[in-house]
Amino acid sequence: MSELSLVQRWRPGLIVLVLLIAVFLLLPHVYGNESLLFTLMTFIVLAQGLNLLYGFTGYLPFGYVGFFGCGAYATSLLVLHSGLPVLLCVVGGGLAAVVMGLILGPLLRLSGAYFSIASLAASQILYFVVSNTNLADITGGPYGLKIEQVYAPTASYNTMLGVLVLATALAAWFRRSAFGMGLRAMKQDPVSAAMAGINIVRARLITWLISAGVAGLAGGVYAWNLSVFYPEAVFTLQISVFAIVFSLFGGVGTVIGPIIGASVLYSLYSAIGISTPQYFQLIYGLLIVLLVLFMPGGVLSLFARRGVRVF
Amino acid sequence: MELLEYAIIGGILYGIYFSLIGIGLNLIFGVMRIINLAHGQFIVLGGYAAWVVSRHFGFNPLWGVPLTIVAAVIIGYPLYYAVVPRLQRSQDPEMLSFILFFGIGQMLEALTLLGFGADQRSLPSEALGSGNIGVFGQAFPDSWWWAAGFSIAAIVALWLYFTRTRLGYATRAIMANRDEALATGISVNKVSALAFVAGLALAGIAGVFLPYLLGSVSPDQGSELTTTSFAIVIIGSLGNPLGTVIGGLVFGLGTMLMQTYYSSWSNLVPYVLLLVIVLIRPTGLLGKAVRSV
């Protein structure tokens, strides 16, 4: 990687970012369903955020949605009680998710399936606490929260585009920086990486917190866009599942994999999944099985196998 | 005091049943190092087996037990040979199986939805006896005793299999060391396939009692049951099926005590137990205190 010049190293990332911005700024003028585009961006962000952790460290958080819900709730509570501008509240949502990540940091001592299932348990605990009727005065309990006073579809759309750019830029940085290379070395062989002087514990924690923050920001903007939501809407396991399947489908450990995966599968979902979710569930269950058995590197691995350099 | 007695006796009954809920998951993990994330969906299928024999054919719902065993054989063997050997050749079978069986679970849930609809199905309590059986002045519905009795029978059968039969010895040998078992001439693939089918059958049998213990059966219960099973298995010890009984009892007593004294928080029990145990002692209450870095 060192023989690449600065321009060569960062050009692919810049191209992807410019393309994303152009596509999502132009699409609303061509395609009328802006809320569908907004949700698509949300899922690209989540798939990318999960990719940052799973693709570069091998830690698969089944409870990733916990950070999303945490961001949604923190943002809404800030809107309701702090009087800060809504954008700052969204930043607060992202920070709350990072703090939650710090609290849950000890989970990183676990590996493999233990980690996945423990993170799932953590997100379920968050959900049951937030939706508990005893806390209805603070969190709205099962009735959810309303922040209609800041409802602004266009502004929240543009903000989500900003978060999307951030998440993609982070992935590009992971892909090309020394930090990201250290992560990949750790994933392949932790012992050698540690001997080569990489601080494994710190690098993993940083990645976990970045991944949490991305989900928290997405949750905050999502809550702002909806303005009225129930705990189930921002804590449903379906969100974790989508993030996992979308990034696996495209190909983890790459920059464009999660973008492609989310775009293709979410389009498929909006075409058949919303009216008949059980057929979509059947299809993506089958997709996961086929991916694991025959194409663990996702669709992008098809190109990589033919010698195309995948970014 | 009466409340406490009720919670403890109920917790033991409930816990014995829940050790049956988890034991199949642990058997499959112990033998194949495969995490069956579709476990809950197989339990749900057992629930529908009981519902179908009872509602459509008018039989006693207990006939769901032989029905699920037959179904486990029909589904289990092809599924085993289609995916398990391939998984075991991969670099990280544990993690890959986790994702793969998650996909299978999603498919099963969708198929259950398509086959039976999204409604909750319940069964009349009379089918398993409408009375109550009392112990120490505390009465519990007959169905609870049936579920606990069947669970004990299944667990004892599994124990006898492990300690009294040649196949059981072979199974334990594979659990202890797969490579050495292979070297001593045990047909690892055949024994594993049998354990896989038995694991699914145990899930199904537990499911037969689901409409009674949880009030109803519906397609969307699967993933929660999987997580609960996981909690129970990890509390006991992952890879040691009989340790699951301990996990079930801890879970049952914890749930019943919470339901009795702080009912609005009782749904947190399995998740909090899971997190606490996993962070303090990842190998479970009975496991050896080792942890990979």
Side-chain angles (χ1 to χ4, degrees), chain A residues 54 58-60 62-63 104 106-107 109-129 131-135 141 188 190-191 194 200-201 236-238 240-241 244-245 248 276-294 296, chain B residues 29 33-35 37-38 41 82-83 86-87 90-92 94-115 117-118 219 223-224 226-227 230-231 233-234 238 262 264-279 282-283 291-293:
Chain A
Y54 180 57
Y59 279 72
L60 181 60
F62 256 59
L104 295 176
L107 292 186
R109 292 191 319 213
L110 307 167
S111 59
Y114 281 102
F115 170 80
S116 300
I117 209 86
S119 88
L120 174 71
S123 80
Q124 288 293 94
I125 290 173
L126 272 180
Y127 166 62
F128 284 127
V129 168
S131 61
N132 197 289
T133 38
N134 292 341
L135 297 179
Q188 274 168 7
V191 179
I200 291 193
V201 176
T236 171
L237 260 184
Q238 184 89 340
S240 286
V241 170
I244 293 168
V245 177
L248 272 181
T276 50
Q278 57 274 44
Y279 286 105
F280 183 74
Q281 195 180 22
L282 188 63
I283 291 172
Y284 79 59
L286 186 64
L287 262 178
I288 297 172
V289 172
L290 295 176
L291 280 172
V292 170
L293 288 180
F294 303 106
Chain B
F29 180 81
R33 300 284 132 177
I34 272 180
I35 292 169
L37 218 58
Q41 278 81 16
V83 303
R86 189 185 277 271
L87 274 179
S90 68
Q91 283 181 340
D92 186 1
E94 227 172 277
M95 206 58 219
L96 276 185
S97 71
F98 195 75
I99 304 171
L100 178 99
F101 277 90
F102 172 74
I104 292 175
Q106 293 296 312
M107 288 171 70
L108 276 179
E109 188 172 321
L111 290 172
T112 317
L113 258 170
L114 290 169
S223 40
E224 205 181 327
T226 304
T227 326
F230 243 101
V233 162
I234 288 178
L238 199 54
Y262 304 96
S264 62
W265 296 102
S266 62
N267 47 14
L268 281 175
V269 169
Y271 305 104
V272 172
L273 276 177
L274 174 69
L275 262 195
V276 170
I277 299 275
V278 127
L279 285 174
T283 50
R291 186 165 68 208
S292 64
V293 180

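Chain letters run A, B, ... following the sequence lines, proteins first, then strands; residues in each count from 1. Computed over heavy atoms, backbone and side chain alike; hydrogens, waters and symmetry mates excluded. All of these numbers come straight from a predicted model, not from anything done at the bench.
The residue among A:Asn132, A:Ile288, A:Leu282, A:Ile200 with the most heavy atom pairs within less than 4.5 Å of chain B is A:Asn132. Ranked by non-hydrogen atom pairs under 4.5 Å with chain B, the options A:Leu107, A:Thr276, A:Leu237 are led by A:Leu107. With chain A as partner, the option from B:Leu268, B:Leu111, B:Leu113, B:Ile104 having the largest number of non-hydrogen pairs under 4.5 angstrom is B:Leu268. Ranked by heavy-atom pairs shorter than 4.5 Å toward chain B, the options A:Phe280, A:Tyr127, A:Phe128 are led by A:Phe128. Ranking A:Pro106, A:Ala121, A:Ala118, A:Ser119 against chain B, the residue ahead of the rest is A:Ala121, based on heavy-atom pairs under 4.5 Å. Residue with the most contacts toward chain A among B:Ile99, B:Asn267, B:Leu274, B:Leu37: B:Asn267 (heavy-atom pairs, distance under 4.5 Å). When each of A:Ser116, A:Pro277, A:Ala122, A:Gly58 is checked for heavy-atom pairs under 4.5 Å with chain B, A:Ser116 comes out on top.
By the 4.5 Å heavy-atom criterion applied to side chains, B:Tyr271 and A:Leu120 are not counted as neighbours. At a threshold of 4.5 Å between non-hydrogen side-chain atoms, the residues B:Thr227 and A:Gln124 do not count as touching. Residues A:Tyr59 and B:Met95 form no side-chain contact, since every pair of their non-hydrogen atoms from C-beta on lies 4.5 Å or further apart.
Between B:Phe102 and A:Phe62, the ring-plane angle classifies as perpendicular under the 30° and 60° cut-offs.
To the nearest 0.5 Å, atoms CG (A:Asn134) and OH (B:Tyr262) are separated by 11.5 Å. Remark: B:Phe230 CZ to A:Ile117 CD1 distance equals 4.5 Å, nearest 0.5 Å. Summarising the geometry, atom OG1 belonging to A:Thr133 is positioned 8.0 Å from atom CH2 belonging to B:Trp265; distances are rounded to the nearest 0.5 Å. With rounding to the nearest 0.5 Å, the separation of CD in A:Gln278 from CD in B:Gln106 is 12.5 Å. The line from CE of B:Met107 to CG of A:Leu287 is 10.0 Å long, rounded to the nearest 0.5 Å. Rounded to the nearest 0.5 Å, atoms OH (A:Tyr114) and CD1 (B:Ile234) are 5.5 Å apart.
Both the backbone and the side chain of B:Ser264 come within contact range of chain A, judged by heavy atoms closer than 4.5 Å. In this structure, no portion of B:Leu108 lies under 4.5 Å from any heavy atom of chain A. Heavy atoms closer than 4.5 Å to chain B are found in the side chain of A:Leu135, but not in its backbone. Of the atoms belonging to B:Ile35, it is side-chain heavy atoms, and not backbone ones, that fall under 4.5 Å from chain A. Within the 4.5 angstrom heavy-atom criterion, no atom of A:Val191 approaches chain B. The contact between A:Tyr54 and chain B is made entirely by side chain atoms (from C-beta outward), counting heavy-atom distances below 4.5 Å.
Across A:Leu293 and B:Leu100, no two heavy atoms sit closer than the pair CG-CD1, 3.7 Å.
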